[in-house]
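What follows is a single structure, written as structure tokens, with notes after it.
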Amino acid sequence: MNWTWDLSVLYSDFNDPQIEKDFSSLKEICENVKNMMQGDALTALENMADAFEEMNRLSSKLGSFANLTLSTDASNEPAQQMMDRLMVFSVQLSLLSSAFTRYLGGIDNLEELIEKSEKLQKIAFSLRQTKESAAHLMDPAIEEWMLKMSLTGGDAFSNLRDKLDATLMVDYRGEQIPLAAARAKAYDPDPQVRKDAYEAELASYAKVEIPMAACLNGIKGEALTMIEACHFDSILEQTLFQSNMDRETLEAMLTAIREYLPVFRKYLRKKGEILGHKDGIPFYDMFAPLAPKGYTPKVYSIEEAREKLIEEMSKFSPEMGAFIAEAFDNRWIDVFPREGKGGGAFCSELHHLNQSRVLTNFAGSFSDVSTLAHELGHAWHNRCMAGLPACMTNAPMPLCETASIFNETLLANAAMEKADKAEKLALLEGNLMETTQTIVDIYSRYLFESAVIEQRKERTLSVGELKELMLSAQEESYGDGLAKDVRHPYMWACKCHYYFSGLSFYNFPYAFGQLFGAGVYAQYQEKGASFVPKYNQLLRSCGSGMIADVANSVGIDVRSVDFWRASLDVYARQIDEFIALSDELMAD
């Protein structure tokens, strides 16, 4: 079987004449929409709804073909040229979107119009949110220039940071290796390899720390300018608004996380003890593999991974199992690493084709199988939104991880039910290692970004200040779980999430997704098969309401600290089980 994905559903290649036809159609529709914002408001809104749907289809088709090609062939020049064209054109799309928002903001009888139109009723939430966002538009006299400046400001800084990261070479044991390769050694079974790679990694940042700091200062400085232009009181307020989330929900989750930090520190100290450390785990051993002597983890072929996922997901829902078979059989997945292909994994929606594309770098571990389950969860989420207008499929970041975490949890629980003690310990450790990153490390990132934004209001921050803020955030989050003198002062340079132009606080949504997904899974455990239709409807509604209302549809109150405590308690019990099993199996 061919284990690369098929993009021919979009275009045959970059010489396909349909590409230029679609660019021309997109530009023509943009011009036509400008003329629609006049006359009878009901007719105008209905016509614009159709026009924006088609614009979304065309821009998504063009963008997906270029982006997905670059994801597996980074040096593909035609793909980069198409992406550059789209980036320039994106300014015009943004201006058109703002013009529509401004137009909608001026309609006083919007609810009346929605009531009269079946077409508008289908996109009512999107229309209401757009009208509300009219209060946060930039002055039209400066908007175009601000957007164009961002291409050479925040966007340029973001691109520079990515190039610095991608080209940074690490001097590891006399050999020059890429930064990504050095960081991957954190998972090596040899403790000296892990320590040497960590020290080499930290030393390498001296070569890029000044431009990295300039990038971060530039991006956050631009973000602070933008919120003034868009009439938000803070960057966090803007992020919550964009996420359909209220401050009460965020504070409830953060309160519970702070309460449970000592529990995760207990896990870290225990892992540290097993690895021979007395005062917390050093950063270089945070990702060390851990298993009883004599235990050999199973290595899966991609065929075995496929069968396992179909089998386990079919137990939850035969429809989901059939969907996963469809994704494999129709080449939606680009499976194996190769030269020019990006690292990590992601899922990309092709909404108007009712398909998705999944990228992984499969090597055969259980973690790789879990990654496939995670990304196919995103794909299932996309399938549940089939047939909706595109503007109603924009699930906010905190809800985007619901289906992916749910799938991971399904797979992990199924594996642990069948595992002997040795395998169960290894599975527990792998799960807790990743969850600690999603909860504890994400909290440190939230603290760090909050501090940087606050201080950036007054001045640019030096490399030394950024390192100190990072260590302070790690102290508050990891505490005595992490060895005090062996932390990671350059995590601000390592993580790309701080450098997304126009998108701040790309951290707490991960914690939300982890804990919300666990809470949804608890509902399934309680209610069984009768919960499946409610689950699918929950996924379908993620872009159709405020987060609190969407969660309430399955009986979850995300404004309640108790909900988050209950989700965190799942991991507290796992930590207790991990400690008990490790005492039994890891003793000398």
Side-chain angles (χ1 to χ4, degrees), residues 3-4 70-76 158-213 215-216 275 281-291 297 299-300 302 334-346 358-372 374-375 429-430 433-434 436-438 441 445 467 470 474 482 486-499:
W3 297 110
T4 61
L70 286 169
S71 295
T72 56
D73 183 8
S75 60
N76 189 298
S158 181
N159 290 334
L160 173 59
R161 182 265 162 204
D162 289 346
K163 288 176 182 176
L164 290 168
D165 180 85
T167 58
L168 179 60
M169 300 300 288
V170 177
D171 184 5
Y172 172 73
R173 295 182 174 180
E175 177 188 2
Q176 295 294 305
I177 63 173
L179 176 61
R183 288 190 55 76
K185 293 184 184 297
Y187 298 87
D188 196 278
D190 185 333
Q192 195 60 49
V193 167
R194 298 193 298 268
K195 186 173 187 292
D196 289 351
Y198 160 81
E199 291 173 350
E201 178 200 347
L202 291 194
S204 74
Y205 287 115
K207 294 183 282 189
V208 295
E209 62 182 8
I210 292 176
M212 282 280 197
C215 290
L216 186 56
L275 294 169
I281 195 167
F283 197 94
Y284 58 77
D285 271 349
M286 187 116 63
F287 309 104
L290 202 64
V299 177
Y300 292 82
I302 188 60
D334 199 292
V335 176
F336 297 111
R338 61 183 182 275
E339 185 177 357
K341 180 177 177 179
F346 66 78
V358 166
L359 180 143
T360 70
N361 283 273
F362 187 85
S365 69
F366 180 80
S367 177
D368 290 328
V369 182
S370 181
T371 295
L372 271 169
H374 179 107
E375 300 305 338
E429 153 58 12
M433 180 172 64
E434 292 178 7
T436 299
Q437 288 299 293
T438 311
D441 197 68
R445 297 187 215 177
K467 290 163 69 175
M470 190 76 256
Q474 289 175 358
L482 191 58
V486 196
R487 297 183 177 179
H488 200 308
Y490 282 106
M491 193 54 67
W492 57 271
C494 169
K495 293 298 180 184
C496 64
H497 294 165
Y498 300 120
Y499 298 83

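In this text, all values refer to a predicted model and were calculated from it rather than measured experimentally.
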Measuring from [X]:[atom1] to [Y]:[atom2], what's the distance to the nearest 0.5 Å?
X	Y	atom1	atom2	value
Ile302	Phe336	CD1	CZ	5.5 Å
Glu209	Tyr490	CD	OH	3.5 Å
Tyr498	Cys215	OH	SG	15.5 Å
Met470	Arg487	CE	CZ	11.0 Å
Leu275	Asp285	CG	CG	5.0 Å
His488	Lys467	NE2	NZ	11.0 Å

- [ ] Return yes when atom CD of Gln176 has more than 12 non-hydrogen atoms of other residues, nucleotides or ligands closer than 6.0 Å, and no otherwise.
- [x]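 Yes.
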TODO: Inspect the surroundings of NZ in Lys207 and state if more than 12 heavy atoms from other residues, nucleotides or ligands are less than 6.0 Å away.
DONE: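 Atom NZ in Lys207 is crowded, with more than 12 foreign heavy atoms closer than 6.0 Å.
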What pair of heavy atoms forms the shortest contact from [X] to [Y], and how long is it?
X	Y	value
Tyr499	Ser158	O-OG, 2.9 Å
Cys494	Tyr205	CB-OH, 3.5 Å
Leu179	Ser204	CD1-OG, 4.4 Å
Ala197	Ala182	CB-O, 3.6 Å

Taking the side chain as every heavy atom from C-beta outward, state whether [X] and [Y] have any pair of such atoms under 4.5 Å apart.
X	Y	result
Tyr284	Val486	yes
Met169	Pro178	yes
Leu164	Pro211	yes
Lys185	Ile177	yes
Lys195	Glu199	yes
Pro337	Phe362	no

- [ ] Test Met286 against Arg194 for side-chain contact (heavy atoms from CB on, under 4.5 Å), laying out the working first.
- [x] CA-CA 10 Å; Met286 187 116 63; Arg194 298 193 298 268; over 6 Å; no
TODO: Please report the C-alpha distance between Tyr172 and Glu201 in whole Å, then the side-chain angles of each, then the deciding distance to 0.1 Å, and finally whether the side-chain contact (heavy atoms from CB on, under 4.5 Å) criterion is met.
DONE: CA-CA 8 Å; Tyr172 172 73; Glu201 178 200 347; over 6 Å; no
- [ ] Indicate yes or no for a side-chain donor-acceptor contact from Thr360 to the backbone of Val335 under 3.5 Å, with no hydrogens or angles considered.
- [x]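 Present.
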Open item on the list: Donor-acceptor pair, distance only, cut-off 3.5 Å: does the side chain of Thr371 make one with the backbone of Ser367?
Closed with: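 Yes; at least one donor-acceptor contact below 3.5 Å.
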- [ ] Could you walk me through whether Asp334 and Trp3 pass side-chain contact (heavy atoms from CB on, under 4.5 Å), step by step?
- [x] CA-CA 6 Å; Asp334 199 292; Trp3 297 110; over 6 Å; no
- [ ] For Arg338 and Thr4, run side-chain contact (heavy atoms from CB on, under 4.5 Å): C-alpha distance rounded to whole Å, both residues' side-chain angles, the deciding distance at 0.1 Å, then the answer.
- [x] CA-CA 11 Å; Arg338 61 183 182 275; Thr4 61; 3.9 Å; yes
Open item on the list: Checking Arg445 against Asp441 for the salt bridge (charged side-chain N to carboxylate O under 4.0 Å, His left out) test, could you report, in this order, the C-alpha distance in whole Å, the side-chain angles of both residues, the deciding distance, and whether it holds?
Closed with: CA-CA 6 Å; Arg445 297 187 215 177; Asp441 197 68; 2.9 Å; yes
- [ ] Describe, in one word, how the ring planes of Phe283 and Phe287 are oriented to each other, choosing from parallel (under 30°), tilted (30 to 60°) and perpendicular (over 60°).
- [x]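 Ring orientation of Phe283 relative to Phe287: perpendicular.
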TODO: Indicate whether the side chain of Ser365 and that of Asp368 have a donor and an acceptor atom separated by less than 3.5 Å.
DONE: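 Side chains of Ser365 and Asp368: pair found under 3.5 Å.
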TODO: Before accepting this row, confirm whether a basic side-chain N of the pair Arg161/Asp165 lies closer than 4.0 Å to the acidic partner's carboxylate O.
DONE: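 Yes, charged N to carboxylate O under 4.0 Å.
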